[in-house]
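Data first, discussion second: the structure below is written as structure tokens.
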Amino acid sequence: SYNKNIFVEKPIFTSKEEAINIANLLSSKKLFVYEMLMYKHNILYSKFKKYWNNNKNKVTKIHCVFKIPSLPKGTFRDDKDIKNSILYDIGCYIISLIIDLNFDPTDYSLKNIKFCNGQLKFIKISFYDKNIKFNAEFGIDSNYENSIALFKSNSHLKMYPFFYGPEQKKIMKFYKNKKVRSYQFVDVNAFEKMFNSSTENLIARNKNDFLKKIKVNKILDDLSKVISEKNKY
């Protein structure tokens, strides 16, 4: 009703219905509501997408890790509600990537779920689609790790830190025949790049972005139900 363009911190929605409602409101307006997943604006993500597009018929497995030692205190994250948990706060990165790669994880397997004092702390999940196995682990763990690895029959590529927006040194490691080649570079400040995107471009992206957000929130909704049920026992 305010007719303003809006940038929103992730996760922008915590239900599929919310995403559908906002998409419908925007359908007749020349406005954008944009979710700030900054890693999608950095150079490493562009290199990842290029490698993926050139090799997706050869990739057999993807392994994605996003683990942090702790969460800040005194925020919404202290709440035990599943929608304030690491599933939405960290998992939204993983699920958005899954949808960007056009996977349809209808038959996923929850390999490991950890709770502490009723709060969800860690998830390990996997699924098969398009003859590719996708593994992801994310949440609170002793060591920080933020990486993605793509495996082919006799080699793999690892990139890190992957889900990361500020200007930072990035590393790409190619493993083949027990040899490792390493490439490093300083990535751009993805926040600046995102905010410098033209209004016209962001409005043009709205429809496709919201189709993806609806899919992301459908998966998050499904996972939250399964995980909440497991927490009862």
Side-chain angles (χ1 to χ4, degrees), residues 10 37-68 86-87 90-114 122-165 168-188 190 208-209 211-213 215-216 218-220 222-223 226-227:
K10 58 78 197 165
L37 291 165
M38 279 71 65
Y39 78 95
K40 295 184 180 184
H41 295 271
N42 64 33
I43 295 171
L44 187 67
Y45 188 67
S46 297
K47 291 181 180 296
F48 165 79
K49 289 298 290 287
K50 183 177 180 180
Y51 184 87
W52 166 253
N53 289 331
N54 291 335
N55 293 274
K56 57 186 172 185
N57 294 327
K58 300 174 185 176
V59 171
T60 58
K61 183 174 73 171
I62 299 174
H63 189 68
C64 192
V65 182
F66 196 173
K67 301 187 293 187
I68 59 176
I86 56 100
L87 174 62
I90 301 175
C92 64
Y93 288 103
I94 310 288
I95 307 303
S96 73
L97 177 65
I98 287 170
I99 296 303
D100 276 351
L101 299 182
N102 292 316
F103 284 122
D104 183 18
T106 53
D107 188 22
Y108 53 79
S109 174
L110 286 164
K111 300 292 186 181
N112 192 4
I113 306 172
K114 294 180 182 177
F122 186 83
I123 299 173
K124 189 172 182 180
I125 188 172
S126 69
F127 66 85
Y128 281 97
D129 191 28
K130 299 177 175 64
N131 296 316
I132 295 172
K133 184 175 185 180
F134 189 100
N135 291 326
E137 48 187 292
F138 58 94
I140 313 302
D141 202 9
S142 54
N143 297 314
Y144 178 83
E145 185 174 352
N146 180 348
S147 66
I148 191 163
L150 298 98
F151 293 79
K152 298 193 289 188
S153 59
N154 62 348
S155 65
H156 73 277
L157 166 64
K158 185 175 182 179
M159 301 177 167
Y160 60 95
F162 187 71
F163 301 106
Y164 199 86
Q168 167 75 20
K169 181 175 74 175
K170 301 290 178 68
I171 299 171
M172 301 171 64
K173 287 187 176 180
F174 297 86
Y175 298 80
K176 187 173 183 179
N177 299 327
K178 298 183 179 180
K179 294 182 179 179
V180 184
R181 288 186 295 117
S182 183
Y183 169 59
Q184 301 182 15
F185 65 97
V186 176
D187 210 333
V188 298
N208 189 49
D209 281 356
L211 288 174
K212 290 182 178 181
K213 288 176 182 47
K215 292 179 180 178
V216 167
K218 168 71 166 59
I219 295 171
L220 289 170
D222 292 345
L223 285 172
V226 173
I227 291 168

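Computed from a predicted structure; not experimentally measured.
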Stepwise side chain to side chain contact (heavy atoms under 4.5 Å, CB included) test for Val226 and Tyr108: CA-CA 11 Å; Val226 173; Tyr108 53 79; 4.3 Å; yes
Results of side-chain contact (heavy atoms from CB on, under 4.5 Å) for Ala136 - residues two or more places apart only: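 Cys64, Ile94, Ile125, Phe134.
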So, using salt bridge (Lys or Arg N to Asp or Glu O under 4.0 Å) as the criterion, who are the partners of Asp100 when residues are at least two apart?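 By the salt bridge (Lys or Arg N to Asp or Glu O under 4.0 Å) rule, Asp100 matches Lys40, Lys212.
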Output the distance between atom [atom1] ([X]) and atom [atom2] ([Y]), rounded to the nearest 0.5 Å.
| X | Y | atom1 | atom2 | answer |
| --- | --- | --- | --- | --- |
| Met172 | Lys47 | CE | NZ | 6.0 Å |
| Asn146 | Tyr144 | CG | OH | 3.5 Å |
| Lys213 | Cys92 | NZ | SG | 11.0 Å |
| Met159 | Ile171 | CE | CD1 | 12.5 Å |
| His156 | Leu150 | NE2 | CG | 10.0 Å |
| Ile227 | Ile86 | CD1 | CD1 | 7.0 Å |

Kindly indicate whether the side chain of [X], heavy atoms from C-beta on, has any atom under 4.5 Å from the side chain of [Y].
| X | Y | answer |
| --- | --- | --- |
| Ile148 | Tyr45 | no |
| Leu101 | Ile132 | no |
| Ile123 | Asn112 | no |

Using the ring pair (Phe, Tyr, Trp, His ring centres under 6.0 Å) rule, pick out the option among Phe163, Tyr164, Tyr160, Phe48 that qualifies with Tyr39.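 Looking at Phe163, Tyr164, Tyr160, Phe48, the match for Tyr39 under the ring pair (Phe, Tyr, Trp, His ring centres under 6.0 Å) is Phe163.
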Nearest non-hydrogen partners of [X] and [Y], listed with the distance:
| X | Y | result |
| --- | --- | --- |
| Leu87 | Leu220 | O-CD2, 3.6 Å |
| Pro161 | Leu44 | O-CD2, 3.4 Å |
| Ser126 | Asn135 | CB-OD1, 3.0 Å |
| Val216 | Ser96 | CG2-CA, 3.8 Å |

Report, one line per pair, each donor and acceptor closer than 3.5 Å where one atom sits in a side chain of residues 53-60; sequence neighbours left out.
from, atom 1, to, atom 2, distance (Å)
Asn53, ND2, Lys49, O, 3.1
Asn54, ND2, Lys50, O, 3.2
Asn55, OD1, Lys152, NZ, 2.9
Asn55, ND2, Tyr51, O, 2.8
Thr60, OG1, Phe151, O, 3.3

Working note: Asp107 + Tyr128, criterion side chain to side chain contact (heavy atoms under 4.5 Å, CB included); need CA distance, chi angles, decisive distance, verdict. CA-CA 7 Å; Asp107 188 22; Tyr128 281 97; over 6 Å; no
Strictly by salt bridge (Lys or Arg N to Asp or Glu O under 4.0 Å), give each pair with a member in residues 168-178 just once, sequence neighbours left out.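 Residue pairs with at least one partner in residues 168-178: Lys170-Asp187.
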Strictly by salt bridge (Lys or Arg N to Asp or Glu O under 4.0 Å), give each pair with a member in residues 139-148 just once, sequence neighbours left out.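 Sorted pair list: Lys67-Asp141, Glu145-Lys158.
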Ring pair (Phe, Tyr, Trp, His ring centres under 6.0 Å) partners of Phe138, counting only residues at least two apart: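 In terms of ring pair (Phe, Tyr, Trp, His ring centres under 6.0 Å), with neighbours along the sequence ignored, Phe138 is linked to no residue.
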Asp129 (side chain) donor-acceptor with Pro105 (main chain) under 3.5 angstrom: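 No, Asp129 side chain to Pro105 backbone: no donor-acceptor pair under 3.5 Å.
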